[in-house]
Amino acid sequence: MIDDAWLADLLQHRAPVLTDAGAAAEVAATLSAQGFALDRGGLLSRTLQDALDGTWERGWQPADVAHAARRQVGAGSVPLLVALLAEHARRTDAVSRAPEGWAAQLRELGALDPGHAPGTAVTSWHRAERRAPAEAWRIVLQLTGMLRTTARIEVLVPPPSRWGPARSRAEGPVAGGDDRALRRIRGLLAKAEATGFPEEAEALTAKAQELMTRHAVDAALLDGGAPAGVDVDTRRVHLADPYARAKTQLLGAVAEANDVRLVWYQGLGIATLVGIRSDLDAVELLFTSLLLQVAQALAAAERQEGRGSASRSFRRAFLLGYAHRIGERLASARRRVTEEAAAERGTDLLPVLRSRQEAVEARTQELFPKVRSSRSRSSVDAGGWYAGRAAAERADVAPRRSPLR
């Protein structure tokens with residue numbers, strides 16, 4: 001017999017069962033058929049808020065949870081999660097207490113204004129979404145199972161339990177040298193995308209890549225390469241299927257060319273980047289741009305090959321070949337610009353750059369002491385691989401800003 005006590009026990013002690021979509025749907029259908037009102041007595045809201053608190057302690061951040069919800073439960077769960085995050089943000093006074101990175105993720109998700117009374121996130125979501133009772137129950141149950149069973153990952157940003165007292169927050173970011181450089185890079189890319197002349201686009205995007213490298217060199221000279229003056233930061237990038245692993249290879253190629261280290265949580269579709277903050281910005285911008293370009297290039301390759309829809313092996317190999325060639329191009333560009341900068345200044349830049357690399361390596365080892373490097377050795381479709389490399393020859397190696405998903 002299903003009653004309130006049975007449901008409470010399921011939510012509290014048997015949550016792993018609910019991670020299975022089939023099992024969650026079966027329970028949801030039964031609850032709906034018996035006329036159980038969604039979140040009567042506030043049980044679901046309390047359970048979900050408690051599950052969020054536990055998830056934060058295991059190293060997760062708001063954007064990570066949104067990515068996992070979309071990936072495991074479905075896009076329909078994201079509005080519910082945002083409502084829960086907004087309620088959690090109000091309860092913890094995140095606007096004035098959360099670290100800036102955490103608050104920025106909440107702003108990007110639209111989770112700083114709950115728009116509903118405390119403790120009513122589930123019912124407000126259900127009323128706004130107008131989903132059938134069985135489907136609403138399925139989403140709530142499966143989201144509860146996901147939050148209750150999140151894996152433990154590295155804590156990169158202090159969770160709410162470690163936040164300090166409320167403080168005033170600046171109205172907007174202060175425009176510094178990094179911001180100016182990134183604005184110039186984005187401006188060059190915008191011009192490259194707007195022009196109808198391939199040669200002009202190539203020249204503009206090459207200039208953008210040159211600015212990225214020169215900015216890194218100038219920053220290294222400014223702080224003298226001293227580890228104490230190096231601002232090593234972390235950032236998470238969320239990679240969606242299909243071909244998440246192949247996309248990670250592309251992200252890795254961009255990261256390696258910019259002295260950024262990457263750690264991949266394969267089962268979660270999450271990559272952690274460790275590097276100098278300005279380099280992280282450059283990697284994010286460039287990867288986002290290349291991800292859009294490779295999708296366009298793959299569609300063009302399919303048309304050229306006369307394929308209505310390329311095979312999965314061809315697509316995967318195309319992405320891997322593209323990533324490999326992009327890595328070669330970026331590494332070559334970085335070497336060339338670094339050598340030119342050294343010649344202009346009449347100094348050896350390698351010791352300065354090396355000390356920054358060592359600071360990044362030290363931070364990576366501190367955060368991930370048990371992680372080891374690995375290389376993919378699986379076989380790939382030769383036609384897709386070489387088609388991907390050919391497409392990479394035509395790629396614009398300059399970034400475009402876009403929210404990470």
Side-chain angles (χ1 to χ4, degrees), residues 11-12 15 19 39 42-73 77-125 140 142-173 233-238 265 268 270 272-274 277 280 363 366-368 403-405:
L11 295 172
Q12 296 289 338
T19 59
D39 202 25
L43 174 62
L44 291 174
S45 288
R46 291 192 300 274
T47 300
L48 284 163
Q49 287 296 327
D50 181 63
L52 272 178
D53 286 333
T55 297
W56 306 143
E57 296 300 319
R58 291 190 289 276
W60 292 66
Q61 300 171 32
D64 301 329
V65 175
H67 165 75
R70 187 180 292 106
R71 188 170 183 261
Q72 297 179 37
V73 186
S77 69
V78 176
L80 171 58
L81 179 66
V82 169
L84 293 166
L85 290 173
E87 192 162 288
H88 185 279
R90 175 170 52 192
R91 174 164 59 89
T92 57
D93 193 14
V95 171
S96 60
R97 295 180 61 231
E100 179 52 43
W102 190 288
Q105 292 178 34
L106 292 174
R107 281 195 297 271
E108 188 171 299
L109 290 167
L112 284 180
D113 180 14
H116 57 264
T120 63
V122 175
T123 52
S124 296
W125 162 78
V140 170
Q142 203 174 346
L143 184 61
T144 302
M146 186 207 87
L147 291 173
R148 286 284 192 196
T149 58
T150 47
R152 186 171 296 278
I153 57 180
E154 282 67 25
V155 177
L156 304 181
V157 176
S161 63
R162 303 186 206 171
W163 293 349
R167 64 193 184 283
S168 61
R169 198 184 296 276
E171 291 296 323
D233 203 355
T234 59
R235 194 164 303 174
R236 285 192 179 135
V237 178
H238 306 112
Y265 299 103
L268 304 177
I270 296 176
T272 297
L273 301 177
V274 185
R277 183 170 298 176
L280 292 175
R363 181 60 175 152
E366 178 186 345
L367 288 170
F368 305 97
L404 292 178
R405 302 224 190 285

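Any value given below was found using the heavy atoms of this structure, including those in side chains, with hydrogens, waters and symmetry copies removed.
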| said: Could you work out, with side-chain hydrogen bond (donor to acceptor under 3.5 Å, both in side chains) as the rule, every residue matching Asp113, not counting sequence neighbours? | reply: none
| query | Any donor and acceptor pair, going by atom type alone, linking the side chain of Gln142 with main-chain N or O of Gln72 inside 3.5 Å? | reply | yes
| With sequence neighbours excluded, what pairs up with Arg162 under the salt bridge (Lys or Arg N to Asp or Glu O under 4.0 Å) test? | none
| query | For Asp93, what residues pass the salt bridge (Lys or Arg N to Asp or Glu O under 4.0 Å) criterion, not counting sequence neighbours? | reply | none
| query | Taking only residues two or more places apart in sequence, or in another chain, which ones meet Gln12 in a side-chain contact (heavy atoms from CB on, under 4.5 Å)? | reply | Thr47, Arg148
| query | Under 4.5 Å between any side-chain heavy atoms of His116 and Arg90, yes or no? | reply | yes
| field | Which residues share a side-chain contact (heavy atoms from CB on, under 4.5 Å) with Ser45, sequence neighbours left out | value | Asp39, Val122
| request: Taking the side chain as every heavy atom from C-beta outward, state whether Trp60 and Leu147 have any pair of such atoms under 4.5 Å apart. | output: no
| note | Here the pair of heavy atoms bringing Gln49 nearest to Leu84 is NE2-O, 3.1 Å
| request: Under the side-chain contact (heavy atoms from CB on, under 4.5 Å) rule, collect the residues that match up with Thr92, sequence neighbours excluded. | output: His88, Ala94, Arg97, Pro160, Trp163
| remark: Distance col, row Leu81:CG vs Leu48:CG, nearest 0.5 angstrom, shows 9.0 Å
| query | With sequence neighbours excluded, what pairs up with Gln61 under the side-chain hydrogen bond (donor to acceptor under 3.5 Å, both in side chains) test? | reply | Gln105
| query | What residues form a salt bridge (Lys or Arg N to Asp or Glu O under 4.0 Å) with Glu57, not counting sequence neighbours? | reply | none
| query | For the atom pair NE2 (His67) and CD1 (Ile270), what is the distance rounded to the nearest 0.5 Å? | reply | 5.0 Å
| field | Interatomic distance, Thr234 atom OG1 to Arg277 atom CZ [nearest 0.5 angstrom] | value | 9.0 Å
| Pairing residues for Ala151 by the side-chain contact (heavy atoms from CB on, under 4.5 Å) criterion, not counting sequence neighbours | none
| 4.5 Å side-chain heavy-atom contact, Arg235 and Leu156 | no
| remark: Hits for side-chain hydrogen bond (donor to acceptor under 3.5 Å, both in side chains) against Asp64, two or more places apart or cross-chain, chain-then-number order -> Arg236, His238
| task | Hey, could you give me each pair passing ring pair (Phe, Tyr, Trp, His ring centres under 6.0 Å) that has a residue in residues 142-162? Not counting sequence neighbours. | result | none
| query | Roughly how far, to the nearest 0.5 Å, is OG1 of Thr123 from CG of Leu44? | reply | 10.0 Å
